[in-house]
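Keep in mind the model is a prediction, meaning the values are calculated, not measured.
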Amino acid sequence: MTAKPVAAPRPSRARARTTSIAAFVVLAALVPTTATASGTQEVEAEFPYVCTLPSGRLPATVRVSADFPERAGAGEAFTPSDVTTTVELPAEAVADLTARDAAEVRAATRLTVGVAQNAATATATWRGGSEPVTLPASGPLTLVARGEVPSVAGRSDGDLTFSAGALAIDLALGAADPATADPGSLTVDCALAEDAPGQGLLATVPVGTDVPGASGSPSPSGPPPASEPAGEGQREAPGDRTRERQSERSPEVLENTPGAAVDRDDVPPCRYDEQHPPTSKSLNAYITGYTNVRKQKAASYLPPSCMLIEQGDPVAGPLDPEALVFDTVSWGDFSYRKRKQTPPFRSTFLSFDFVPVTATMVLEQTGPVRIDSRLKLYLLEGLTTMDTYVRAPLVLHVTSLEVNGTPLDVGPGCRTEKSLSSVDPDPANFPGDHLVLFGRGEQVTGQPATGYQLTSGGVLSGEATIPAFTGCGTGGEDLDRLLTASVSGPGNYIKQVQGQTCAVMNVNPLECTEDLQPAQIPVAER
């Protein structure tokens, strides 16, 4: 590895931005990057790798270049910039591709980067995309990929190190003759060679308030003890409040209210447990919003509900002449008191325009929530888009009912006879009744990301048909027809807001509380 000294300090090129849509694993999401460094270190590192191709395990050379700050302040985020990953595959790899009748290739790289400070470690994924490259007639194949990478913040004083790890290369192949069969795509997995210098060390950034040029006032090395209370001048961390009463208290039932901030004590816990042990792909987030009830000319409020998500790995999508395409399938479950459901919520309507009806309800899953995300990198335009479809099979349970102040016993089995349903854009692949919500995210290079993405959240919307009710009433009193006439039917607009996720195995204190719950509680929007 060589680090070129900078003749004169130059302004950092780090940009104030939210998490890149292309970053699926984020260390410091939704944090504006801050130019805390007095200079920039330009890093160029070359490492031997071993890549697995159809012809076997072959040696490869990987070069990584990036600009890092010379130093940074504790707790202040920065983004490595001008990141380029160059992969040189041997001639045998070219033969593997030409054997598929490929004439050109476009690559997307996923480099795992280990980030460490003192005893704390985390991983990030550095992603890049290349321009189309014509396969050479002989010799090696060189692929040059560039892209945005996640922001990073050192928690305390001490060197922050970056080390290259596993590399995956998604190859989209193009045929020499468009009339021939599509050569398809190929994913090549590469591992750092055992004799790699410095075990893949890319860069070291000194972090701390005692580093010359870093912002902030002097502080003792390391974070304060966990038992030390927040005193005057200290900001209380998101997870500092006592949580025990949160799980011991009786469930809250929230009313229809305008969008307003919700106190953490008024939302259910959102954490993994022995029933849902976390993995390296585990995320959790709160979801809230409103659902119109068209027949009542009103909206029902869904209080902040916990969603546990297992994030999938991106795979090369269909060939697109204008963009690199990647598809990711993730899975989610609502979590409330060890059940796959929302907390109970209460809504009051004027049924038939004059009779007040108050219902307490719960949405319960009848199967897993599927989250399909399609990422498109338009390299020439400097644009990244992500389209996400959330498909959720959910039945609506009514647990209690009052009509004009008089309680009616709905019994224990009052529910919609099947799942809420939407018109699915791909019914052949996704048959059956389920709710469909859609969200789109976009980012222009150098600008903040906008819209929805799985890791940082945003608005999801859709339209649902509420089915007829069944099992409502006791003692011979049938309330099915009353509820069906009052609520059921098509055209019910839904607008949900997902908050920033917490990556529980790659903890960012700006995204997670100390007990690994989502730090952000989103506010419902009408």
Side-chain angles (χ1 to χ4, degrees), residues 1-4 10 12-27 33 40-47 49 51 60-69 78-89 104-113 115 124-134 140-152 162-172 174 185 187-188 190 200 202-203 314 316-317 320-326 375-386 441-449 453:
M1 181 183 75
T2 60
K4 298 180 180 179
R10 56 182 174 145
S12 169
R13 290 193 292 272
R15 309 175 186 92
R17 64 177 181 87
T18 54
T19 309
S20 168
I21 296 177
F24 285 83
V25 179
V26 183
L27 295 179
T33 57
T40 300
Q41 53 173 316
E42 298 178 353
V43 172
E44 293 181 358
E46 181 176 302
F47 303 109
Y49 271 74
C51 298
T61 299
V62 176
R63 291 183 292 274
V64 181
S65 63
D67 289 357
F68 292 83
F78 63 87
T79 306
S81 58
D82 287 353
V83 177
T84 301
T85 302
T86 302
V87 182
E88 186 176 290
L89 297 173
E104 69 173 23
V105 61
R106 184 183 285 185
T109 58
R110 291 176 277 134
L111 178 64
T112 299
V113 175
V115 184
T125 300
W126 286 11
R127 300 177 183 274
S130 78
E131 298 290 338
V133 176
T134 301
L141 170 65
T142 300
L143 303 168
V144 181
R146 298 179 176 85
E148 300 285 331
V149 303
S151 302
V152 179
F162 297 78
S163 300
L167 172 67
I169 311 168
D170 298 311
L171 302 176
S185 60
T187 296
V188 177
C190 305
L202 286 171
D320 187 319
E322 297 181 351
L324 288 173
V325 182
F326 300 95
L375 180 100
K376 289 189 175 183
L377 298 171
Y378 296 89
L379 301 177
L380 296 180
E381 301 176 30
L383 172 67
T384 302
T385 66
M386 178 184 282
E442 293 187 353
Q443 184 177 33
V444 177
T445 301
Q447 301 295 322
Q453 58 174 305

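Closest heavy-atom contact between Gln443 and Gln447: NE2-O, 2.9 Å. Residue Ala164 comes nearest to Tyr49 through the heavy atom pair CB-OH, 3.6 Å, listed as atom of the first residue, atom of the second, then distance. Contact detail for Glu322 and Asp320: the closest heavy-atom pair is N-OD1, 2.8 Å. Here the shortest heavy-atom pairing between Arg106 and Ser130 reads CG-O, 3.3 Å. The nearest pair of heavy atoms linking Leu202 to Ala45 is CD2-CB, 3.9 Å. Closest of all the heavy-atom pairs between Ala145 and Gly128 is CB-C, 3.8 Å.
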Next on the checklist: Apply side-chain contact (heavy atoms from CB on, under 4.5 Å) to residues Val62 and Cys190 and explain how you reach the verdict.
Outcome noted: CA-CA 10 Å; Val62 176; Cys190 305; 5.9 Å; no

Checklist entry - Hey, mind stepping through Val87 and Val188 against side-chain contact (heavy atoms from CB on, under 4.5 Å) and telling me if it holds? => result CA-CA 11 Å; Val87 182; Val188 177; over 6 Å; no

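To the nearest 0.5 angstrom, Thr109 atom OG1 is 9.0 Å from Leu143 atom CG. In this structure, CZ in Phe68 is found 11.0 Å from OG1 in Thr79, a value given to the nearest 0.5 Å. Between the OH atom of Tyr378 and the OG1 atom of Thr385 there is a distance of 5.0 Å, given to the nearest 0.5 Å. Taken from CG in Asp82 to CG in Asp67, the straight-line distance is 5.0 Å, to the nearest 0.5 Å. In this structure, the separation between CZ on Arg146 and OG1 on Thr86 is 7.0 Å, given to the nearest 0.5 Å. Separating the CG atom in Leu111 from the CG atom in Leu167 is a distance of 5.5 Å, to the nearest 0.5 Å.
Judged as a side-chain contact (heavy atoms from CB on, under 4.5 Å), and not counting sequence neighbours, the contacts of Glu131 are Leu379, Leu380. For Arg110, the salt bridge (charged side-chain N to carboxylate O under 4.0 Å, His left out) partners at least two apart in sequence or on another chain are Asp170. Applying the side-chain contact (heavy atoms from CB on, under 4.5 Å) criterion to Thr61, with sequence neighbours excluded, gives Glu46, Arg63, Glu88.
For the pair Val64 and Trp126, the minimum side-chain heavy-atom distance is below 4.5 Å.
Proximity of a side-chain donor or acceptor of Glu104 to a complementary backbone N or O of Val133 within less than 3.5 Å is not detected.
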